[in-house]
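Remember, it's 1-based here, ligands and their atoms both numbered in the order they're listed.
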Amino acid sequence: MLHCGSFRLDLSRPLVMGIVNVTPDSFSDGGRHLLRDAAISHAHQLISEGADILDIGGESTRPGAQAVSVQEELDRVLPVIEGLCDAGVPLSVDTFKAEVMRAAIAAGASMVNDINALQQPEALAAVVASNAAVCLMHKQGQPQTMQIEPEYQDVLHEIMEFLRSRVGIVEAAGIKRERIVIDPGFGFGKTVEHNLILLRKLHAFAELGVPLLAGLSRKSMLGKLAGQDVENRLSASLAAALIAVQRGASIVRVHDVRPTCDALKIWNAVNI
Ligand code: 7PJ
């Protein structure tokens with residue numbers, strides 16, 4: 001069971017986290033209200049398609065993406081969280097900024113998805129002071145430059161040890177294990193080969209004793225492997241999600257909720 005605010009999520013079956021981007025580049029830039037309304041209606045759509053959790057983000061962290069200010073990020077995500085806080089599924093806020101975490105939790109978010117793994121002391125304090133769950137993700141470098149020349153001696157070992165250390169620190173700070181999820185951070189300062197090693201050896205992360213989240217949906221490694229641009233990566237994304245689940249992922253973070261839920265129904269039926 002994952003303790004996620006007032007929710008208790010049963011992880012005996014893989015869960016689907018649906019991605020809700022509240023960024024103007026994802027929609028035609030029609031202003032603040034249109035952005036909010038589009039995000040909320042997209043979120044309701046994902047819930048109807050079977051999303052178990054929604055991950056709401058106001059700043060793109062894709063390779064090379066532009067940074068946004070705290071105020072801009074708050075202006076984007078808070079109205080969406082407020083609009084969805086009674087939607088019946090736990091809301092995760094995808095942010096590395098402590099101010100955004102605090103405000104999002106106060107507005108009803110019950111999970112923090114931090115690509116920076118709560119390494120900022122104020123971010124750690126913000127989650128400690130709440131009952132929200134947290135996803136601790138590994139990345140190498142910063143989103144603007146992380147894909148330039150990622151380097152590891154032993155990618156699996158380094159990421160396992162980073163996450164082991166973060167789980168220890170976060171637990172010692174007062175966040176109980178039942179609230180912690182880890183994520184190797186596919187594509188965050190990793191070459192295709194690094195990502196493949198991580199996916200191949202994903203089972204190893206079970207040793208850390210906390211649930212694993214995998215985010216592979218539409219990522220460039222899939223584009224490179226399948227020879228598809230970002231609009232045509234559904235099949236590759238479904239294959240990747242199934243492989244991740246088969247190798248121990250408890251949560252998959254995806255754009256395409258309905259197809260992923262359908263694929264997982266087959267997996268579940270075989271794995272009773
Ligand atoms: C991830 C994420 C991921 C977690 C993004 C994209 C890039 N959070 N946020 N794991 N990816 N926890 O979706 O292509 O893999 S943004």
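- Contacts of D55 with ligand 1, taken as heavy-atom pairs under 4.0 Å, are absent altogether.
- At least one N or O atom of R253 sits closer than 3.5 Å to an N or O atom of ligand 1.
- Taking every heavy atom of L213 and a limit of under 4.0 angstrom, the matching atoms of ligand 1 come to 12 (N).
- Interface atoms of ligand 1 facing G215, defined by a heavy-atom separation under 4.0 Å, are 15 (O).
- Interface of C135 with ligand 1, defined as ligand atoms under 4.0 Å from a residue heavy atom, comprises 12 (N).
- At least one side-chain heavy atom of L213 sits less than 4.5 Å from a side-chain heavy atom of R253.
- Under 4.0 Å is where a charged nitrogen must lie from a carboxylate oxygen, and between R8 and E178 no such pair does.
- Between D256 and R218, at least one side-chain N (NZ, or NE/NH1/NH2) sits under 4.0 Å from a carboxylate O, which counts as a salt bridge.
- Atoms of ligand 1 found under 4.0 Å from any heavy atom of D183 (numbered from 1 in listed order, with element): 3 (C), 4 (C), 10 (N), 12 (N), 15 (O).
- Within ligand 1, counting atoms from 1 as listed, the ones closer than 4.0 Å to a heavy atom of T61 are 16 (S).
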Report task. Apply the test side chain to side chain donor-acceptor pair (under 3.5 Å) to residues E122 and Q120: give CA-CA distance (whole Å), side-chain angles for both, the deciding distance (0.1 Å), then the verdict. Result -> CA-CA 6 Å; E122 303 76 42; Q120 218 205 328; 2.8 Å; yes
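- Between T95 and V77 there is no side-chain heavy-atom pair separated by less than 4.5 Å.
- At most 12 non-hydrogen atoms from other residues, nucleotides or ligands lie less than 6.0 angstrom from CG of D86.
- Between the side chains of D229 and N232, at least one donor N or O lies within less than 3.5 Å of an accepting N or O.
- Closest to atom 8 (N) of ligand 1 among all protein heavy atoms lies N113 ND2, 3.0 Å.
- By the criterion of a heavy-atom distance under 4.0 Å, the side chain of K219, and not its backbone, is placed next to ligand 1.
- Side-chain polar atoms of T191 and H194 form a donor-acceptor pair below 3.5 angstrom.
- Of all protein heavy atoms, the one lying nearest to atom 14 (O) of ligand 1 is R62 NH1, 3.0 Å.
- With ligand atoms numbered from 1 in the order given, ligand 1 contributes 9 (N) to contacts under 4.0 Å with heavy atoms of D94.
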